[in-house]
Amino acid sequence: MKRTPLTGAFYARPTAEVARRLLGHVLVSRIRGREVAGRIVETEAYIGPHDPACHAYGDRRTARTETLYGTPGIAYVYFTYGMHWCLNAVTERVDYPAAVLIRALEPLAGIELMRRRRGTVPDHALCAGPARLCEALGITGAQNGRSLQRGDLRILRDGRTRFRIAVTPRIGITTAQDWPLRFVVADSPWLSR
DNA sequence: GGTAGGATAAGCT
DNA sequence: GCTTATCCTACCA
């Protein structure tokens, strides 16, 4: 079955809606010609200048956050805690800084390569966390600002699977801790926690 | 099963 | 100097 990329219009909508609707679709990495793929099972929304947990809170437009202000459907990849990369899909409209953090995948293809990249971890931890999935897929700052519709990183439509969605507060943040903006495939064994 | 502490650097005040 | 959209290991139960 042929899968096609989610279009720019898919991302040009309210961020929480994009976060919810990304669940079940497939993230494919073809970095350095090697294909690795997983189904998105956990996301979080970071919604613009009025969201205290968003990097662009207060409309802080800097070299780092510039990508968040870009075209919906590009990747925002940032570096944190001195050693980890995290992947987002930019949403809404140009000049409005919002994105969806991809927090966990169900591994679908290239699992041997994921194991080599991740080292000695059980399979359920291969892509269970935003930095873990970036390591498993080979994602770094080289992908920041790149389209998710073509090239090294793509998110492909897949509506075949049915599942229940659960909503919780976001993880690892210190402000706006009660905002229900984390979306998960309920009961998936591949979640970050 | 659980949690505390450390790694390690960009970006901010 | 302090914080951070994290992860791993060590240790305790």
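Side chains included, hydrogens not; waters and symmetry mates left out as well; all remaining heavy atoms used. Lettering follows sequence order; numbering is per chain, from 1.
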For the student: nearest non-hydrogen atoms of Ile40(A) and Leu22(A), plus distance: CB-O, 3.7 Å
With sequence neighbours excluded, residues passing side-chain hydrogen bond (donor to acceptor under 3.5 Å, both in side chains) with Gln177(A): none
Contact residues, residues 79-117 of chain A to DNA chain C [heavy atom, < 4.0 Å]: Tyr81(A), His84(A), Asn88(A), Leu101(A), Arg103(A)
Boundaries of the chain A footprint along DNA chain B (any atom under 4.0 Å from a heavy atom): dA7(B) to dC12(B)
Inter- and intrachain pairs under salt bridge (charged side-chain N to carboxylate O under 4.0 Å, His left out), touching residues 46-55 of chain A, at least two apart: Asp51(A)-Arg170(A)
Flag side-chain contact, heavy atom, 4.5 Å: Ile155(A) against Tyr11(A): yes
Residue-level proximity of residues 129-140 of chain A to DNA chain C when a heavy atom falls under 4.0 Å: Gly129(A), Pro130(A), Ala131(A), Arg132(A)
Closest approach of Thr43(A) to Arg20(A) (non-hydrogen atoms, all atoms of both residues): OG1-N, 4.5 Å
Candidate list Thr67(A), Leu68(A), Thr91(A), test side chain to side chain contact (heavy atoms under 4.5 Å, CB included), partner Pro97(A), passing option: Leu68(A)
Linked hydrophobic residues, Leu156(A) as query - side chain contacts closer than 4.5 Å: Val26(A), Val28(A), Leu108(A)
Sugar-phosphate, base or nothing in reach of Arg170(A), heavy atoms under 4.0 Å: nothing
Co-members of Trp179(A) in a cluster of I, L, V, M, F, W and Y side chains, linked at under 4.5 Å: Ile47(A), Tyr96(A), Leu181(A)
Which residue lies more 5' along DNA chain C, comparing Gly172(A) with Ala125(A) via nearest heavy atoms: Gly172(A)
Lys/Arg cation over aromatic Tyr57(A): Arg60(A), 6.0 Å, 45° cone: no
Side chain Thr175(A), main chain Pro52(A), donor-acceptor under 3.5 Å: yes
Bracket notation of DNA chain C in which parentheses pair within the strand, [ ] cross earlier pairs, and | pairs with another strand (Watson-Crick or G-U, under 3.5 Å): ||||.|||||||.
Polar contact flag, side-chain donor to acceptor under 3.5 angstrom, Thr168(A)-Arg182(A): yes
Pairs meeting criterion ring-ring contact (aromatic ring centres under 6.0 Å, His included) with involvement of residues 61-81 of chain A, two or more places apart: His55(A)-Tyr76(A), His55(A)-Tyr78(A), Tyr76(A)-Tyr78(A), Phe79(A)-Trp85(A)
Touch class at under 4.0 angstrom, heavy-atom based, for Arg118(A) against every strand present: sugar-phosphate
Inter- and intrachain pairs under salt bridge (charged side-chain N to carboxylate O under 4.0 Å, His left out), touching residues 69-98 of chain A, at least two apart: Arg61(A)-Asp95(A)
Side chain to side chain, Gln143(A) and Leu87(A), heavy atoms closer than 4.5 Å: no
Just list the side-chain donor-acceptor pairs under 3.5 Å for residues 129-141 of chain A, sequence neighbours left out, or say none.
| residue | atom | partner | partner atom | Å |
| --- | --- | --- | --- | --- |
| Arg132(A) | NH1 | Ala128(A) | O | 2.9 |
| Glu135(A) | OE1 | Arg118(A) | NH1 | 2.8 |
| Thr140(A) | OG1 | Ala142(A) | N | 3.2 |

Where chain A begins and ends its contact with DNA chain C, read 5' to 3' at 4.0 Å from heavy atoms: dT4(C) to dC8(C)
